[in-house]
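See structure below.
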Amino acid sequence: MKPRILVVGSSNIDFVCSMDRVPVQGETIISDKSYAFVPGGKGANTAVAATRLGGDVVFCTRVGDDSYGKQLSEKYRLEGIDTRFITMDKAARTGLAVIMVEETGHNRIAVYPGANMNLSAKDIEGAFTSYPDALVMQLEIDREAVIAAARLAKENGTKVFLDAGPATPDFPLEQLGQLEVLSPNETETKILTGITPNSSANCLRACIELMNRVPSKYIVLKLGDRGCYVYDGTHCHHLAPVDVGTPVDTTAAGDAFTAALAVRYMQNGGDILDACEFANAVGGYVVTKAGAFPSIPTLRELKEFLKKGEE
Ligand code: RIB
């Protein structure tokens, strides 16, 4: 079964520079490694991942009425994404992310949001006419749009999966109503709760704190090379990661994780542990490749990757 997934979120063009290490304040470093412009944005990465992993995806986003906006929309269409609810903004430019990737594979990202901040409740209302089974969102758009989408999901009986990136301490989680899954990474967990999820006890404390702020069936903490931590309000589980050695580039690993989780969860009748195992495998795959879209696997690529790991 192909679940219909509505992704409401951002589209960016990513300017990716690779370097041995990122510069410190006031420093200029010369790196002749590589640079590239690749499609990205947390919403778009999620939409592409959910499509490649077996979802029937509708993407609601805003891009500028410029060459990047046109290129990105065409790329989504070629992926097989339903692009009817993409708006071309006459007043704002397409979002741009500057991503510095270090030799360790870790990154620093700064985003110029542009048209993403103009995504409106009206745009999202239109997208709900596609009758989605699930809504997947991140926080890289205007917060009023996130709140409106959550309200529409409630009215339509649609399950909500929220990836908490990028988090801000004052985001009003309380206004979102019931979530199916809330999934922050380590940094976002710290920003939202003040708790660093660096031990089982702290993971549990952070999950309880998050559940107190927003009713969620499950909290799934993405812990990078430590796997993920799942809490259902009573029980907790720590799932080990897939061992991939030194990462090449962690960009989009979290986005693809949440997309994978949502697709598998909607397919397997809500088995959260199975969905998290699958999402861990997808996240592991993504960090072995450079860039956002280029690193997201199809189901066949994922299968081959896991088979190789067993050999
Ligand atoms: O999560 C990775 C994404 O964050 C990048 O593709 C970039 O566009 C920023 O939004």
Side-chain angles (χ1 to χ4, degrees), residues 7-18 22 35-53 59-64 66 68-69 71-73 75-76 79 81 86 92-102 105-119 136-143 145-146 161-168 171 183-189 191 220 222-224 228 247-262 279 282-297:
V7 178
V8 172
S10 58
S11 293
N12 293 331
I13 186 80
D14 289 354
F15 174 46
V16 187
C17 305
S18 301
V22 295
Y35 76 85
F37 287 89
V38 292
K42 294 186 192 302
N45 297 340
T46 304
V48 167
T51 306
R52 292 186 186 169
L53 296 168
F59 186 29
C60 179
T61 190
R62 255 190 193 245
V63 292
D66 48 31
Y68 283 137
Q71 280 172 38
L72 292 178
S73 306
K75 283 216 181 294
Y76 308 152
E79 287 285 340
I81 293 170
I86 297 180
R93 301 174 72 182
T94 297
L96 170 91
V98 177
I99 306 184
M100 291 190 275
V101 183
E102 291 185 319
H106 294 289
N107 59 34
R108 307 275 193 289
I109 305 181
V111 174
Y112 166 80
N116 291 307
M117 282 299 151
N118 295 346
L119 190 67
V136 185
M137 292 193 288
Q138 317 73 30
L139 303 178
E140 209 172 40
I141 53 175
D142 182 47
R143 59 177 56 176
V146 175
F161 296 75
L162 181 69
D163 184 308
T168 46
F171 186 88
S183 180
N185 69 14
E186 293 160 287
T187 312
E188 292 145 12
T189 302
I191 291 172
V220 177
K222 289 175 284 207
L223 302 176
C228 66
V248 172
D249 178 1
T250 58
T251 306
D255 310 332
F257 178 104
T258 307
L261 188 156
V282 171
Y285 180 102
V286 170
V287 304
T288 65
K289 307 251 182 308
F293 279 25
S295 67
I296 297 168

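Whatever order the structure lists them in is the order used to number ligands and atoms, beginning at 1. As the structure is a computational prediction, the values presented were derived from the model and not from experiment.
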With a 4.0 Å cut-off on heavy atoms, is Gly41 touching ligand 1?
-> yes
Which atom of Asn116 lies closest to which atom of Gly95, heavy atoms considered = ND2-CA, 3.8 Å
Taken to the nearest 0.5 Å, the spacing of Ile109 CD1 from Lys42 NZ works out to 5.0 Å
Could you give the distance from CD1 (Ile86) to CD1 (Ile81), rounded to the nearest 0.5 Å?
-> 7.5 Å
Any side-chain donor near an acceptor of the partner, Ser11 and Tyr76, under 3.5 Å | yes
closest protein heavy atom to atom 4 (O) of ligand 1 is Lys42 NZ, 3.2 Å
Atom 5 (C) of ligand 1 - nearest protein heavy atom and its distance | Asp14 OD2, 3.3 Å
Among non-hydrogen protein atoms, atom 2 (C) of ligand 1 lies closest to Asp255 OD2, 3.3 Å
Numbered in order shown, the ligand 1 atoms found under 4.0 Å of a heavy atom of Gly40 are 6 (O), 8 (O)
Kindly compute the distance separating CG (Asp163) from NZ (Lys222), expressed to the nearest 0.5 Å.
-> 3.0 Å
Among all protein non-hydrogen atoms, which one is nearest to atom 3 (C) of ligand 1, and what is the separation to 0.1 Å?
-> Asn45 ND2, 3.6 Å
Quick note on ligand 1: atoms under 4.0 Å from a heavy atom of Ala97 include exactly 7 (C), 8 (O)
Which residue holds the protein heavy atom closest to atom 9 (C) of ligand 1, what is that atom called, and what is the gap in Å?
-> Glu140 OE2, 3.4 Å
Considering residues, nucleotides and ligands other than Tyr112, do more than 12 of their heavy atoms fall under 6.0 Å from its OH?
-> yes
